[in-house]
Amino acid sequence: MLRRAGLDPDCDIHTVVRPPGDYGIDLRRLHDGSIDAALVGSTMAPEAIAAEHGWQVLAWVGDHFRIPTVGLAVDPTYTDPDDPAVQAVLRAHRRALRVIHDEPDTTVRHMRTFLGRHTPDEVRAHYETFIAPYFTTDGQADPAIGADAITAVTTELGVPATITAAEFYRTAATTP
């Protein structure tokens with residue numbers, strides 16, 4: 001993704017790793033010039049932030065990988081995917097997906113609680129552009145898109161693919 005934007009991640013950047021969450025600190029550092037770029041979460045509506053400050057969005061990670069980032073994952077070496085507690089979380093997750101998919105006004109109202117600096121129109125535009133087209137009520141990932149993402153990452157890093165999308169994504173749930 002960085003190479004597509006004309007940057008060599010091995011030579012052109014110095015990475016500062018921080019825990020995610022307070023993207024405001026990154027925005028302040030961009031504004032004061034102490035950093036040149038930041039990777040911020042999609043909850044920030046990058047296009048709106050960039051327009052507000054006159055910055056340029058180099059890339060949208062979702063356009064490169066095209067994998068919705070909301071899901072339920074368990075490591076089966078520690079947690080049985082068929083455990084009743086996991087199945088209860090899965091049912092709650094599917095109910096939430098139905099709200100996201102079927103009740104845009106409710107979803108946008110909730111999104112405004114964590115996108116508080118954005119106008120209602122900006123939050124709705126974020127929902128319509130980055131969420132509505134990609135969320136389904138079945139909770140299933142598209143293995144073809146996952147396979148493309150795995151290939152893109154392993155090719156970029158020059159490492160062999162040690163897992164397939166079919167192995168990574170569980171496409172059938174035990175409980176509806």
Side-chain angles (χ1 to χ4, degrees), residues 1-75 77-78 100 107-108 110-136 139-171:
M1 181 181 61
L2 290 172
R3 283 184 173 86
R4 287 183 186 175
L7 297 170
D8 180 346
D10 298 320
C11 301
D12 296 336
I13 65 171
H14 170 72
T15 304
V16 177
V17 179
R18 315 186 305 95
D22 181 10
Y23 300 118
I25 191 169
D26 300 318
L27 299 178
R28 289 188 296 279
R29 288 178 176 167
L30 278 170
H31 189 65
D32 73 17
S34 61
I35 61 173
D36 298 317
L39 178 63
V40 297
S42 60
T43 57
M44 295 298 293
E47 291 79 3
I49 299 295
E52 181 180 328
H53 294 282
W55 297 332
Q56 177 185 0
V57 175
L58 292 178
W60 174 255
V61 174
D63 288 343
H64 185 68
F65 294 118
R66 295 180 34 197
I67 299 172
T69 56
V70 173
L72 175 62
V74 296
D75 181 344
T77 59
Y78 297 101
I100 290 169
T107 303
V108 168
H110 286 291
M111 287 175 62
R112 289 205 61 221
T113 65
F114 58 88
L115 293 175
R117 66 183 310 224
H118 301 294
T119 68
D121 289 341
E122 289 170 334
V123 174
R124 173 133 341 242
H126 183 86
Y127 169 81
E128 290 172 359
T129 303
F130 301 113
I131 296 173
Y134 303 105
F135 279 77
T136 63
Q140 298 299 307
D142 183 334
I145 292 173
D148 289 346
I150 290 169
T151 299
V153 170
T154 57
T155 300
E156 175 75 19
L157 297 176
V159 297
T162 59
I163 189 168
T164 67
E167 292 168 322
F168 185 82
Y169 293 107
R170 183 173 182 170
T171 58

Undergrad: In chain order, what residues pass the side-chain hydrogen bond (donor to acceptor under 3.5 Å, both in side chains) check against D32, with sequence neighbours excluded?
TA: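 Testing D32 for side-chain hydrogen bond (donor to acceptor under 3.5 Å, both in side chains), a comparison that skips the adjacent residues, returns S34.
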Undergrad: Could you tell me which non-hydrogen atom of G6 sits nearest to which non-hydrogen atom of D12, and how far apart they are?
TA: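 Minimum heavy-atom contact is O-OD2, 4.1 Å.
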Undergrad: Considering non-hydrogen atoms only, spot the tightest contact between V57 and A50 and give its length.
TA: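 Looking at all heavy atoms of both residues, the shortest contact is CG2-CB, 3.6 Å.
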Undergrad: Can you give me the closest heavy-atom contact between W55 and L27, atom names plus distance?
TA: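 Closest heavy-atom pair between W55 and L27: CH2-O, 3.6 Å.
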Undergrad: Just how far is it from atom CE of M111 to atom CD1 of I100, taken to the nearest 0.5 Å?
TA: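 Here the interatomic distance stands at 9.0 Å.
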Undergrad: May I ask you to check whether over 12 heavy atoms, not counting those of H53, lie within 6.0 Å of atom NE2?
TA: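 Enclosed: over 12 neighbouring heavy atoms sit under 6.0 Å from NE2 of H53.
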Undergrad: I need the minimum non-hydrogen distance between I150 and I163, along with the two atoms involved.
TA: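 Scanning both residues, the minimum pair turns out to be CG2-O, 3.8 Å.
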Undergrad: Just to verify, what does E128 make a side-chain hydrogen bond (donor to acceptor under 3.5 Å, both in side chains) with, not counting sequence neighbours?
TA: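 Checked E128 against side-chain hydrogen bond (donor to acceptor under 3.5 Å, both in side chains); zero matches.
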Undergrad: Restricting to salt bridge (Lys or Arg N to Asp or Glu O under 4.0 Å), what partner residues turn up for D10, sequence neighbours left out?
TA: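 Testing D10 for salt bridge (Lys or Arg N to Asp or Glu O under 4.0 Å), a comparison that skips the adjacent residues, returns R3.
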Undergrad: Within this structure, what is the CD1-CD1 distance for the pair I35 and I13, rounded to the nearest 0.5 Å?
TA: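 Between I35 CD1 and I13 CD1, I get 12.0 Å after rounding to 0.5 Å.
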Undergrad: Working to the nearest 0.5 Å, report the span between OG1 of T119 and CZ of R112.
TA: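 Spacing of OG1 (T119) from CZ (R112) equals 7.5 Å.
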Undergrad: Which heavy atom in A38 sits nearest to a heavy atom in L30, and how many Å separate them?
TA: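 So the minimum-distance heavy-atom pair works out to CB-CD1, 4.0 Å.
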